[in-house]
Novice: 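Structure in structure tokens, see below.
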Amino acid sequence: MQRYQGGNISHSEFFLIGFSGLKEHRWLLFFPFFLMFALSVVANSILIFVIKTQRSLHSPMCVLIGATSVVNLFLTMSFMPRMLLSFLFNWDGISLTGCLTQMFFINFTGSFQSSILLLMAIDRYVAICIPLHYSDYINTPNCFKFVIASLLRSAIFFVVVAFLDGSLSYCNSNIIDHCFCEHMALVGLACGSTLINNIFGLLIIFLITVFDWVCVFISYVKIFISVFFKASGKSSRKAIHTCTTHIIVLFLNYIYVMVALLSYRIGNSLSPNIRVLISIMYLLFPSCFHPIIYGFKTKDIREQILKAFKSVRNNQVSVK
């Protein structure tokens, strides 16, 4: 169905044709992406279950790791099932409303994940730099306020993005060369000025992504200054060890963000298939490997996971 705006036809139905260069072999992509999707669901579910059921893991940092896994699950669920069905059955059509809804949930969950990583950095800063005031700052009321503020920030920004994108007239084409609805891919199909949309998109990058990363960077600069100039040798090694897992995840996230941004800056130099693959991996890789990194690098979580697996195996042996 189409509507008319200012004498132009504005498409209200779109087709997601990512990896169209593969043509009739596109269905083969179902298998590698399904395996990654299954890995994400299983790994994050195990981590959430272990953290929820083991009272020894109810520390603020472990709860934040569990929250990260919940966000990872929501993020992959917001686009992976539909993408997999599209590979198998060529279900490429999507309405403008459905496209905007999918885009909102992808952006909303992704930005909230950035907020959780910031809260983890704050937790480490308070624990290492001002440990005597840890319970004053890192407590349930303060964390609740931070989460609510982060949710409101993400919701307000991306509702505005959805409204701005939905008000555009899409008369150029209704073919989106992607596997899910993305702001830049959708706006690129609009006719007329998209200046406001582009400016607001850049504003979000600075007020969410850049702001969070600058705060994380400042937190860790202060942590390292405190550790290397004030702490003793043994305590400094212990403090750095508690930050190692978070630093690895932050570094990987930084790589994902930089690669995704560069893929758009040099988009003309990349094939459409490579650009789409980079965008998918930007969302899917963290969901697959963050729970594995947290599970193996965080000693308390690793021990509880191994304990749970041993308990399951012993129960199976006793039944036999």
Side-chain angles (χ1 to χ4, degrees), residues 43-75 109-154 208 211-227 230-231 235-253 286-287 289-308:
N44 283 291
S45 297
I46 290 174
L47 197 59
I48 293 168
F49 175 78
V50 171
I51 291 174
K52 183 178 185 300
T53 56
Q54 302 300 319
R55 293 186 62 84
S56 60
L57 298 179
H58 290 181
S59 64
M61 179 55 75
C62 289
V63 170
L64 289 173
I65 291 173
T68 301
S69 288
V70 172
V71 172
N72 284 335
L73 281 178
F74 273 102
L75 186 59
T109 52
S111 64
F112 184 59
Q113 186 179 60
S114 174
S115 299
I116 294 176
L117 292 174
L118 171 57
L119 186 53
M120 285 182 176
I122 295 172
D123 174 86
R124 291 299 83 200
Y125 166 75
V126 175
I128 293 170
C129 298
I130 45 176
L132 296 179
H133 297 282
Y134 184 82
S135 59
D136 296 331
Y137 293 107
I138 308 300
N139 51 51
T140 301
N142 286 340
C143 289
F144 182 76
K145 292 175 185 176
F146 181 91
V147 168
I148 294 299
S150 300
L151 289 172
L152 288 175
R153 180 184 69 168
S154 299
I208 294 182
F211 175 80
D212 288 356
W213 282 93
V214 167
C215 291
V216 168
F217 179 76
I218 292 173
S219 297
Y220 272 98
V221 167
K222 290 187 175 182
I223 286 172
F224 282 110
I225 290 174
S226 176
V227 166
K230 297 179 182 179
S235 61
S236 65
R237 287 193 298 270
K238 182 178 180 181
I240 291 297
H241 180 72
T242 64
C243 298
T244 301
T245 304
H246 191 220
I247 292 173
I248 292 172
V249 170
L250 288 170
F251 178 75
L252 291 176
N253 269 41
S287 298
F289 295 108
H290 282 184
I292 296 174
I293 294 170
Y294 284 128
F296 282 98
K297 288 294 294 179
T298 307
K299 182 181 177 182
D300 294 339
I301 295 177
R302 182 176 68 247
E303 290 176 349
Q304 292 299 330
I305 291 175
L306 293 174
K307 182 180 177 181

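Just so we're clear, the structure is a prediction, and the values are computed from it rather than from any experiment.
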Novice: Please report the shortest heavy-atom distance between Tyr220 and Ala121, naming the atom on each side.
Specialist: CE1-CB, 3.9 Å
Novice: Output yes when a side-chain donor or acceptor of Ser154 lies under 3.5 Å from a complementary backbone atom of Ser150, and no otherwise.
Specialist: yes
Novice: Set out, in order, the CA-CA distance, both residues' side-chain angles and the distance that settles side chain to side chain contact (heavy atoms under 4.5 Å, CB included) for Gln304 and Thr53, then state yes or no.
Specialist: CA-CA 10 Å; Gln304 292 299 330; Thr53 56; over 6 Å; no
Novice: Counting C-beta onward and ignoring hydrogens, is there a side-chain heavy-atom pair between Ile65 and Met120 closer than 4.5 Å?
Specialist: yes
Novice: Between OG1 of Thr244 and CD1 of Ile293, what distance do you get to the nearest 0.5 Å?
Specialist: 12.5 Å
Novice: Under the side chain to side chain contact (heavy atoms under 4.5 Å, CB included) rule, what do Cys243 and Ile128 come out as? Steps first, then yes or no, please.
Specialist: CA-CA 10 Å; Cys243 298; Ile128 293 170; 3.5 Å; yes
Novice: In Å and rounded to the nearest 0.5 Å, what is the SG to CG distance from Cys215 to Leu119?
Specialist: 12.0 Å
Novice: Can you give me the closest heavy-atom contact between Gly110 and Leu75, atom names plus distance?
Specialist: N-CD1, 4.2 Å
Novice: Is it true that the side chains of Tyr137 and Asp123 contain a donor and an acceptor less than 3.5 Å apart?
Specialist: no
Novice: If I take atom CD1 from residue Ile116 and atom OG from residue Ser111, how far apart are they, to the nearest 0.5 angstrom?
Specialist: 10.0 Å
Novice: Apply side chain to side chain contact (heavy atoms under 4.5 Å, CB included) to the pair Tyr125 and Ile218, showing each step before the final yes or no.
Specialist: CA-CA 10 Å; Tyr125 166 75; Ile218 292 173; over 6 Å; no
Novice: Checking Asn72 side chain against Gln113 main chain: does a donor-acceptor pair fall under 3.5 Å?
Specialist: no
Novice: Taking all heavy atoms of Asn142 and all of Asn139, pick out the closest pair and write down the distance.
Specialist: N-OD1, 3.0 Å
Novice: If we ignore hydrogens and angles and just use 3.5 Å, is the side chain of Asn253 paired with the main-chain N or O of Pro286 as donor and acceptor?
Specialist: no
Novice: If I take atom OG from residue Ser115 and atom CD1 from residue Ile208, how far apart are they, to the nearest 0.5 angstrom?
Specialist: 7.0 Å
Novice: Dump the intermediate steps for side chain to side chain contact (heavy atoms under 4.5 Å, CB included) on Val249 and Thr68, then the final yes or no.
Specialist: CA-CA 11 Å; Val249 170; Thr68 301; over 6 Å; no
Novice: Side chains of Ile301 and Cys62, heavy atoms from C-beta outward: is any pair under 4.5 Å?
Specialist: yes
Novice: Rounded at 0.5 Å granularity, tell me how far OH in Tyr294 sits from CG in Leu64.
Specialist: 9.0 Å
Novice: Say you draw a straight line from OG of Ser219 to CG of Leu118; how long is it, rounded to the nearest 0.5 Å?
Specialist: 6.5 Å
Novice: Flag the pair Ser45 / Phe49 as yes when at least one side-chain heavy-atom distance between them is below 4.5 Å, and no otherwise.
Specialist: no
Novice: Do Phe74 and Val71 make a side-chain contact, defined as non-hydrogen atoms from C-beta onward lying under 4.5 Å apart?
Specialist: no
Novice: Check whether any side-chain heavy atom of Leu47 lies under 4.5 Å from a side-chain heavy atom of Ile305, and answer yes or no.
Specialist: yes
Novice: Flag the pair His246 / Leu117 as yes when at least one side-chain heavy-atom distance between them is below 4.5 Å, and no otherwise.
Specialist: yes
Novice: Are any of the side-chain heavy atoms of Thr298 and Met61 separated by less than 4.5 Å?
Specialist: no
Novice: Compare all side-chain heavy atoms of Val50 with those of Lys307 and state whether any distance is below 4.5 angstrom.
Specialist: no
